[in-house]
Amino acid sequence: VGNHSLDNERGEKVWKEALDLPGNELYYSWTVGRSLFVVLDTQEINRKYRIDGAQLEWLRRALDPKRYDHQFVFLHVPLYLNRDAMHYGESLDRYPEQRDALQKLFEEKKVTMVFMGHEHKYEKRNVNGVWHVISGGGGQRLYGDTFCHFVLVTVDGPRIKVKVIDKEGVLKDEFAVYPPAS
């Protein structure tokens with residue numbers, strides 16, 4: 001769920017009624033093989049731009065590097081933005097203490113990749129072994145020199161291949177992610 005989808009209790013009610021969400025919650029997970037996929041809610045009423053409290057505790061229990069070879073986390077707003085970013089201060093960077101606790105959990109639980117939107121651009125960075133991918137070029141007005149795109153992720157055993165493809169089908173970026181050494 002994003003900032004334009006949900007900003008009050010009425011919006012949350014409509015969202016939950018319109019979609020068949022696991023447990024009718026706005027944060028949830030599922031598995032495919034030995035990969036875990038986690039969706040977090042950065043727009044939680046009275047907790048906007050924070051992942052803490054009950055949601056953080058739920059996440060702590062859901063992530064399990066012994067059980068899953070790959071763990072992918074999806075959330076709307078980024079953890080880290082450059083100071084010149086359009087949404088700087090309107091993302092998880094607004095609450096650095098909670099953001100840093102979340103990143104620390106990602107590191108401890110060996111999260112493979114974190115996917116985010118909010119910023120209308122493509123960006124990737126590795127933060128202490130955890131890949132962060134901003135993929136906000138799916139249709140809204142774009143910022144700077146970015147492009148409309150999608151991200152294709154292929155899990156190939158221990159290796160993950162990531163391709164960023166523009167609306168014309170042109171490969172704009174690609175990289176591989178290998179599991180951390182044990």
Side-chain angles (χ1 to χ4, degrees), residues 1-7 26-27 29 35-44 47-52 55-56 59 63 70-156 158-180:
V1 66
N3 57 304
H4 296 291
S5 309
L6 182 72
D7 62 359
L26 296 176
Y27 54 93
S29 67
S35 294
L36 174 69
F37 299 85
V38 175
V39 174
L40 298 176
D41 178 12
T42 60
Q43 305 306 119
E44 191 174 9
R47 309 218 64 73
K48 190 173 183 177
Y49 304 143
R50 291 179 281 188
I51 304 294
D52 61 3
Q55 186 174 189
L56 184 64
L59 178 63
L63 296 172
H70 306 291
Q71 299 181 104
F72 302 97
V73 176
F74 301 84
L75 53 144
H76 183 68
V77 300
L79 281 78
Y80 302 99
L81 290 172
N82 298 327
R83 288 195 180 273
D84 63 346
M86 185 67 81
H87 290 103
Y88 183 79
E90 296 176 0
S91 294
L92 294 183
D93 59 352
R94 180 177 285 181
Y95 302 100
E97 188 175 320
Q98 286 88 353
R99 177 211 49 208
D100 294 347
L102 180 61
Q103 175 61 31
K104 184 178 178 189
L105 180 62
F106 290 162
E107 293 167 22
E108 289 171 1
K109 297 288 191 162
K110 296 181 173 54
V111 166
T112 309
M113 298 185 87
V114 181
F115 293 92
M116 300 149 289
H118 200 47
E119 281 291 296
H120 301 181
K121 64 180 184 174
Y122 166 70
E123 180 180 301
K124 75 173 188 245
R125 68 175 76 182
N126 189 303
V127 181
N128 297 328
V130 179
W131 281 97
H132 289 236
V133 176
I134 297 174
S135 178
Q140 282 292 337
R141 181 178 55 85
L142 303 175
Y143 306 150
D145 62 352
T146 196
F147 45 90
C148 287
H149 67 276
F150 65 92
V151 179
L152 177 66
V153 178
T154 305
V155 175
D156 183 15
R159 187 169 93 156
I160 297 165
K161 295 183 241 176
V162 180
K163 293 183 178 184
V164 180
I165 302 167
D166 75 8
K167 68 181 182 177
E168 306 301 325
V170 175
L171 180 67
K172 301 296 274 188
D173 189 20
E174 66 181 323
F175 61 101
V177 177
Y178 298 88

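A cation-pi contact links R50 to Y95, judged by a cut-off of 6.0 Å to the six-membered ring centre and 45° from its axis.
Residues meeting the ring-ring contact (aromatic ring centres under 6.0 Å, His included) test with F74, sequence neighbours left out: F115. For D173, the side-chain contact (heavy atoms from CB on, under 4.5 Å) partners two or more places apart in sequence, or in a different chain, are Y122, K124, V164, F175.
Here the closest heavy-atom approach between residue T42 and residue H76 is recorded as OG1-CB, 3.6 Å. Closest of all the heavy-atom pairs between V127 and E107 is O-OE2, 4.3 Å. Residues D41 and I51 share a closest heavy-atom pair of O-CD1, 3.5 Å. Shown here for H70 and P158, the closest heavy-atom pair between the two residues is CE1-O, 3.2 Å. Residue I134 comes nearest to P78 through the heavy atom pair CD1-CG, 3.8 Å, listed as atom of the first residue, atom of the second, then distance.
L105 contributes atom CG, which lies 6.0 Å from atom CG of L56 (distance to the nearest 0.5 angstrom). Taking CG of L40 as the reference point, atom OH of Y27 lies at 9.5 Å (rounded to 0.5 Å). In this structure, CG on D52 lies 14.0 Å from CZ on R99, to the nearest 0.5 angstrom. Annotation: the span from N126 atom CG to M113 atom CE amounts to 9.0 Å, rounded to 0.5 Å. One finds the OH atom of Y80 at 10.0 Å from the CG atom of D93 (value rounded to the nearest 0.5 Å). Taken to the nearest 0.5 Å, the CE atom of M116 stands 6.5 Å off from the CG atom of L79.
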Given L59 and F106, is the side-chain contact (heavy atoms from CB on, under 4.5 Å) satisfied, shown in steps?
CA-CA 10 Å; L59 178 63; F106 290 162; 4.0 Å; yes

Kindly indicate, with the supporting measurements, whether the criterion side-chain contact (heavy atoms from CB on, under 4.5 Å) is fulfilled by Q71 and V38.
CA-CA 8 Å; Q71 299 181 104; V38 175; over 6 Å; no

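Contact of the Y49 side chain with the Q98 side chain is not registered, since no non-hydrogen atoms from C-beta on lie closer than 4.5 Å. With a 4.5 Å cut-off on side-chain heavy atoms, R94 and V77 do not count as touching.
Considering V39, V111, L36, I160 in turn, I160 is the only one that fulfils the side chain to side chain contact (heavy atoms under 4.5 Å, CB included) rule with F72.
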